[in-house]
Amino acid sequence: MNKSLSILSFVLTLLVNNGAFAQTRELSVNTDKVIAPIQPTMWGIFFEDINFAADGGLYAEMVKNRSFEFDVPLMGWTEHNSNRFAVATNAGRALIINRGTGFTNPRFARLAILQDKGYGLTNEGFRGMGISKDQEYTFTMLAGQLEGNTTVRVQLIDSKGVVAGEAQVKPDSKDWKKYTARIKSSTTDPKAKLSVWFDGKGVLDVDMISLFPVDTWKNRPNGLRKDLVQLLADLKPGFVRFPGGCIVEGRELATRYQWKKTVGKVEDRELIINRWNTEFAHRPTPDYYQSYGLGFYEYFELSEDLGAEPLPILSCGLACQFNTAEVVPMGELDPYVQDALDLIEFANGDVTTKWGALRQAMGHPAPFNLKMLGIGNEQWGPQYIERYEIFAKAIKEKYPNIRIVSGTGPSPDGELFDFAAAELKRLNAEIVDEHYYAKPEWFFKNANRYDSYDRKGYKIFAGEYAAQSKNTVNPDNKNNWLCALSEAAFMTGLERNAEIVVMCSYAPLFAHAEAWQWTPDLIWFDNLNSYATPNYYVQQLFSTNKGTELLSITGVKEKTALTGQDGLYASAVYDNKTKDIIVKVVNAAAKAQSATISLSGKRRPTGEAVVTTLTSNDVEAVNSFAEPGKIKPVNSKVGLSGKKLQVSLQPNSLTVFRIKTK
Ligand code: AHR
């Protein structure tokens with residue numbers, strides 16, 4: 001070969017290898033062929049009080065251990081100028097009184113205030129308290145002035161020890177009474193504290209010492225953190241699963257989630273230890289408790305605010321099988337089943353019923369319109385199936401329209417999964433929850449998981465999933481772009497199977513940057529800020545582009561769905577409200593690929609499409625507090641030529657095309 005020919009051949013090889021002459025892949029969307037409706041519930045959220053998601057997170061209470069009910073009654077509190085071993089030098093001292101059984105909030109602090117000034121309590125908050133300049137905070141406290149005359153001075157203290165705001169209340173009754181004050185902050189600080197000083201000698205009983213931002217979601221007292229709810233609202237979720245997760249089950253039956261303990265007056269809700277407090281030796285969180293300030297009423301209200309269907313999951317009489325695996329004997333399940341029936345009454349019952357009346361008393365006479373209920377979380381074995389049967393029968397007898405969600409356990413395959421799947425099929429289960437925590441490779445590989453599922457069997461709830469960059473429960477797992485991209489690829493498979501897949505949710509939802517137990521998580525926050533992960537944006541792109549009807553999309557070359565051929569994955573829907581054809585394509589290859597999306601059928605494009613791209617040139621990249629928008633969707637527009645859309649798919653990208661039609 002002469003020299004110029006060999007240079008030409010080298011250049012050609014280079015161009016071919018770099019895809020310069022790669023064929024444009026043709027994707028064909030048949031707009032007449034509606035495969036199934038997309039359920040409004042298709043993309044939702046999974047909420048569990050793990051990683052400080054409720055107390056210390058979404059629930060905006062800033063005082064930790066406000067009712068002295070933690071195992072160590074003064075955990076989170078510092079007592080000033082008190083020495084329990086040298087009574088003479090005390091400015092005051094606290095005695096923890098326990099009223100004993102019959103009280104759901106048995107403890108309170110009896111303060112003997114021995115000097116006019118100098119005695120006080122400081123609360124450290126949940127890894128500090130986040131205060132913002134010029135924002136107001138509502139302080140409340142239950143108190144009874146048994147003897148003497150005390151003024152309560154309340155101060156916000158910044159991380160340098162400087163007073164950032166002050167107010168006072170004056171107890172004026174021997175009986176328990178609620179006192180309220182507003183404090184304005186002069187500074188912004190994520191690590192502030194609350195000091196409560198007791199001036200003037202006397203004996204004062206105190207309980208439920210609380211501090212909330214005034215600016216909560218919808219300005220509700222006892223409310224939720226606004227920025228975090230906003231992130232949920234921006235997902236436009238179709239449902240909210242609550243309260244978990246393993247927290248439903250409890251490490252033992254005694255610490256299972258009991259919804260009745262989470263409703264009614266906040267001060268009467270019985271606090272328990274959070275099961276994630278001690279779960280992982282490598283992430284101990286000794287100060288993690290459930291105050292239930294965010295209880296079932298607040299949950300139903302939140303679902304309503306978000307326009308999402310509530311999906312409560314209840315204990316089926318089986319404690320977490322990874323922990324004690326305690327079971328309630330079959331003959332003693334009645335109270336558990338009754339809890340499920342009563343929850344439906346609480347949500348939907350007439351205000352003349354016992355639980356409907358409580359809902360009304362709490363401020364919501366109208367029903368919450370609950371349509372579905374989950375029985376058990378990640379249970380397995382015959383002990384689950386036989387308990388599920390009892391629940392399903394009782395619920396259907398009384399509430400035939402409530403759809404029941406059951407589950408196949410923690411793993412998406414294997415003996416236990418196969419057993420549960422076969423049994424639930426035999427029992428004509430309606431919606432079955434499957435969980436997948438696996439490496440990104442699993443998600444890429446399983447984009448076709450549901451292609452072969454029985455169309456006549458139960459519906460699928462992809463109830464917990466997240467790609468793990470290392471492995472499940474590894475504290476080094478990251479919310480990196482590769483994980484998010486693999487979830488996007490998998491989600492095209494969920495969407496393509498919307499005929500049977502009716503609900504999907506990433507898990508877990510929230511994590512406090514300084515108090516988490518489990519990673520990866522969809523949203524990270526500290527006491528002032530929050531940021532969305534790339535995984536969040538994947539969820540958002542699917543949810544806000546969910547459409548109403550599933551369309552067929554195939555690779556013309558392969559005459560079949562794209563489930564990873566050359567790294568490509570695709571799904572398509574039609575939105576009958578906006579008249580948009582929406583195509584989602586994942587290019588998991590490290591090179592750009594060009595494609596033509598060809599539309600057939602009666603729908604006529606206007607000639608324009610909005611393109612949203614989510615990508616990064618580094619698959620290890622993550623978002624962070626410092627760079628919250630490092631990976632985020634970017635919008636552009638592109639024109640069509642007739643019914644063809646010529647596109648370039650960036651390397652390692654998820655692209656959503658909204659093709660307008662007339
Ligand atoms: O999402 C974290 C945990 O993973 C859930 O509590 C449990 O259901 C699953 O094992």
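Computation of the quantities below employed the complete heavy-atom set of this structure, encompassing side-chain atoms and omitting hydrogens, waters and symmetry-equivalent molecules. Every number for a ligand or one of its atoms is a count from 1 in the order of the listing.
- Given atom 8 (O) of ligand 1, the protein heavy atom at minimum distance is E464 OE2, 2.7 Å.
- Separation of the F368 and F346 ring centroids does not fall under the 6.0 Å cut-off.
- Ligand 1 has a nitrogen or oxygen under 3.5 angstrom from a nitrogen or oxygen of E378.
- Residue N377 approaches ligand 1 through these ligand atoms, each under 4.0 Å from one of its heavy atoms: 7 (C), 8 (O).
- Counting the atoms of ligand 1 from 1 in the order shown, those under 4.0 Å from a heavy atom of W276 are 6 (O).
- Using modelled atom types and a 3.5 Å distance limit, the side chains of H435 and E378 yield a donor-acceptor pair.
- Here the heavy atom of the protein found nearest to atom 6 (O) of ligand 1 is E48 OE1, 2.6 Å.
- Sorted by first and then second residue, the ring pair (Phe, Tyr, Trp, His ring centres under 6.0 Å) pairs with a member in residues 450-475 read F239-F461, Y450-Y453; sequence neighbours excluded.
- When only non-hydrogen protein atoms are considered, atom 1 (O) of ligand 1 lies nearest to Y437 OH, 2.7 Å.
- A tilted orientation is assigned to the rings of F280 and W276, their planes being inclined by 30° to 60°.
- A centroid separation of 6.0 Å or more is found between the aromatic rings of Y288 and W516.
- Aromatic ring centres of Y299 and F296: separated by under 6.0 Å.
- Using a 4.0 Å cut-off between heavy atoms, Y465 makes no contact with ligand 1 at all.
- Aromatic ring pairs are classed by plane angle as parallel below 30°, tilted from 30° to 60° and perpendicular above 60°; the pair W442 and F490 is tilted.
- There is a side-chain donor-acceptor pair under 3.5 Å between N377 and R241.
- Judged by the shortest distance from any of its heavy atoms, P508 lies inside the 4.0 Å radius around the atoms of ligand 1.
- Of the heavy atoms in I247, none comes closer than 4.0 Å to ligand 1.
- For the residues F46, F322, W518, Y506, the heavy atom positioned nearest atom 3 (C) of ligand 1 is part of W518.
- Remark: ligand 1 and C246 share an N or O pair separated by less than 3.5 Å (distance only, no angle test).
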